[in-house]
Amino acid sequence: MSETYPLQRESEFSWRIEPTGKMRVPGIIYADEELIRAMDDKVFEQLCNVAGLPGIVQAAYAMPDAHWGYGFPIGGVAAFDADQGGVVSAGGVGFDISCGVRALRTGLTIDEIEPVKKQLADALFRQIPVGVGSTGRIHLNDKGMTAMLRGGARWAVEQGFGEMEDLQHIEEKGCMAGAVPDEVSARARKRQQDEMGTLGSGNHYLEVQRVAQIYDQRIATAFGLRENDVIVFIHCGSRGLGHQIGTEFLKYMVLAASQHGIELPDRELACAPINSELGQAYLGAMRAGINCALANRQIITHLTRQVFADVLPKADLTLLFDVSHNTCKVETHLVDGRKRKLYVHRKGATRAFGPGNPDLPETLRAIGQPVLIGGSMGTESHILAGSEKGTELSFNSACHGAGRAMSRHQATKLWKGRSVVDELADRGIIIRSPSMRGVAEEAPGAYKDVRAVVDAAEKAGLAHKVARVEPHVCIKG
DNA sequence: ATGTTC
């Protein structure tokens with residue numbers, strides 16, 4: 001338990017830090033006691049800093065998987081009102097803009113995969129570029145880049161990557177409105193021109209998984225999931241482009257803070273008023289970054305379909321959903337009984353719209369949004385559904401994954417990549433990666449227990465558990 | 001996360 005921060009237990013799964021000093025609103029953390037005990041005090045410090053930013057509404061929130069991040073905690077949620085001096089923060093979105101997870105049904109069961117599992121792993125590893133600085137077969141000139149940044153997954157489908165039907169099951173229908181490609185620098189564009197349709201590195205991956213357990217039969221049926229079904233999880237983001245946008249705007253926001261009359265408790269919290277030239281420029285660039293990530297996952301989906309068509313011609317890959325967990329989005333939420341338009345930052349936090357939300361496609365509106373929670377390599381992942389009361393609890397946000405339990409450096413001292421691969425192979429999990437060091441850094445033991453995180457999110461009321469899935473093939477950055 | 005330090 002934190003020595004420094006006075007955490008009041010509000011309920012079994014929620015904890016509160018009352019506003020003191022420069023805090024404008026309380027900090028609220030959703031977690032069980034064990035997760036709270038394991039949280040670094042840095043999370044609480046960063047949450048209190050966020051709670052002091054201009055125009056913040058209701059509370060600064062931390063999800064059960066929260067850990068220390070750049071400025072904002074990863075697993076942090078904060079909403080701002082533009083009319084009350086609210087700000088937008090590059091550090092509140094994160095460097096990998098619109099990093100997220102997409103889930104595909106395959107129409108196959110595990111029995112059909114087993115005989116060709118190795119062949120499938122090799123073909124996916126061959127066809128989907130992965131690793132630091134990986135490039136693909138798509139090369140965009142400046143005009144093509146502008147079209148991609150404006151159109152997102154819709155652009156990708158128009159280029160022949162996937163089906164129009166896919167767009168219904170992507171946040172923003174696959175195309176983030178309000179993107180301003182002109183706000184994306186030449187350098188960011190250059191970094192991305194050969195990187196479309198690539199997975200990247202770090203914790204990014206493509207997994208072939210089996211639905212191992214159904215928690216909610218009604219919702220699972222609505223999501224088209226049955227036990228032993230094979231699905232695919234794709235976890236990646238906006239590659240070099242998002243990182244470059246984040247780096248540049250962070251610098252501009254630090255430089256402009258004093259002009260905007262913003263006093264920063266931590267320069268990593270750099271932000272700009274939503275109603276300022278810089279705030280609007282960032283929002284335009286960040287939304288273009290969102291489109292880049294949506295297009296990237298759409299192209300990877302197309303490559304995945306091609307591989308399955310070769311190896312398992314019977315497969316029919318359909319999109320369950322695509323969620324982003326590093327964004328700032330304008331949404332309407334009920335605050336103190338009043339509907340307000342808010343700029344909701346989610347950094348390492350998944351949007352989790354509940355049943356009835358008008359932004360959900362018709363097929364899911366009565367059910368709630370699929371919430372895709374990727375575990376670490378070699379461990380289980382989870383599919384949840386957004387809850388009705390999520391709007392008042394966390395502006396409809398939930399956890400995004402297991403969260404690291406130790407640094408990458410520490411992990412490489414404890415594990416060797418080759419032995420991690422061998423141990424997972426013994427358990428029937430095939431890993432393919434260009435980097436054994438990357439594999440060591442991502443060893444399952446270097447992460448928290450994703451099930452504890454998901455259970456805490458459910459018990460706090462943020463989302464509802466639907467299914468647990470286990471990995472069989474993992475293509476790893 | 002990231003052309004893993006412009």
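No hydrogens, no waters, no symmetry mates; every other heavy atom, side chains included, goes into these values. Within every chain, numbering begins at 1; the chains are lettered A, B, ... in the order of the sequence lines, protein sequences first and strands thereafter.
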request  = With sequence neighbours left out, write down each residue that passes ring pair (Phe, Tyr, Trp, His ring centres under 6.0 Å) with A:His472, or none if nothing qualifies.
outcome  =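 None.
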inquiry  = Going by the rule ring pair (Phe, Tyr, Trp, His ring centres under 6.0 Å), which residues pair with A:His260 if we only count those two or more places apart in sequence or in a different chain?
reply    =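 Ring pair (Phe, Tyr, Trp, His ring centres under 6.0 Å) check on A:His260 returns nothing, list empty.
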inquiry  = As a test of reading the structure: which of B:dT4, B:dT2, B:dC6 is closest to the side chain of A:Arg187, going by heavy atoms?
reply    =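 Shortest atom-to-atom distance from the side chain points to B:dC6.
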Which whole-number value in Å describes the distance from [X] [atom1] to [N] [atom2]?
X	N	atom1	atom2	value
A:Gln192	B:dT2	CD	P	10 Å
A:His409	B:dT4	NE2	P	18 Å
A:Phe249	B:dT2	CZ	C1'	18 Å
A:Asn296	B:dT2	CG	P	10 Å
A:Asp96	B:dT4	CG	P	15 Å
A:Arg239	B:dT2	CZ	P	5 Å
A:Leu199	B:dT2	CG	P	9 Å

message = Applying a 4.0 Å non-hydrogen cut-off, can you work out what A:Gly237 is touching in the nucleic acid: base, sugar-phosphate, or nothing?
response =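 The answer is nothing, as A:Gly237 stays clear of every strand by at least 4.0 Å.
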request  = Using a heavy-atom cut-off of under 4.0 Å over every strand shown, decide if A:Gly242 touches base, sugar-phosphate, or nothing.
outcome  =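 It contacts nothing in the nucleic acid.
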key: A:Gln369 and A:Asn357 side chains, donor-acceptor separation under 3.5 Å   =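 Looking only at side-chain atoms, A:Gln369 and A:Asn357 do not form any donor-acceptor pair under 3.5 Å.
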key: Ring centre gap for A:His325 and A:His235 strictly below 6.0 Å   =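 Between A:His235 and A:His325, which both carry aromatic rings, the centre distance is below 6.0 Å.
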task = Please determine if a side-chain N or O atom of A:Arg408 lies less than 4.0 Å away from the OP1 or OP2 oxygen of B:dT4.
result =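 For B:dT4, neither OP1 nor OP2 has a side-chain N or O of A:Arg408 closer than 4.0 Å.
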ask   = Under 4.0 Å between a side-chain N/O of A:Ser201 and OP1 or OP2 of B:dT2, yes or no?
value =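 Yes, because at least one side-chain N or O of A:Ser201 sits under 4.0 Å from OP1 or OP2 of B:dT2.
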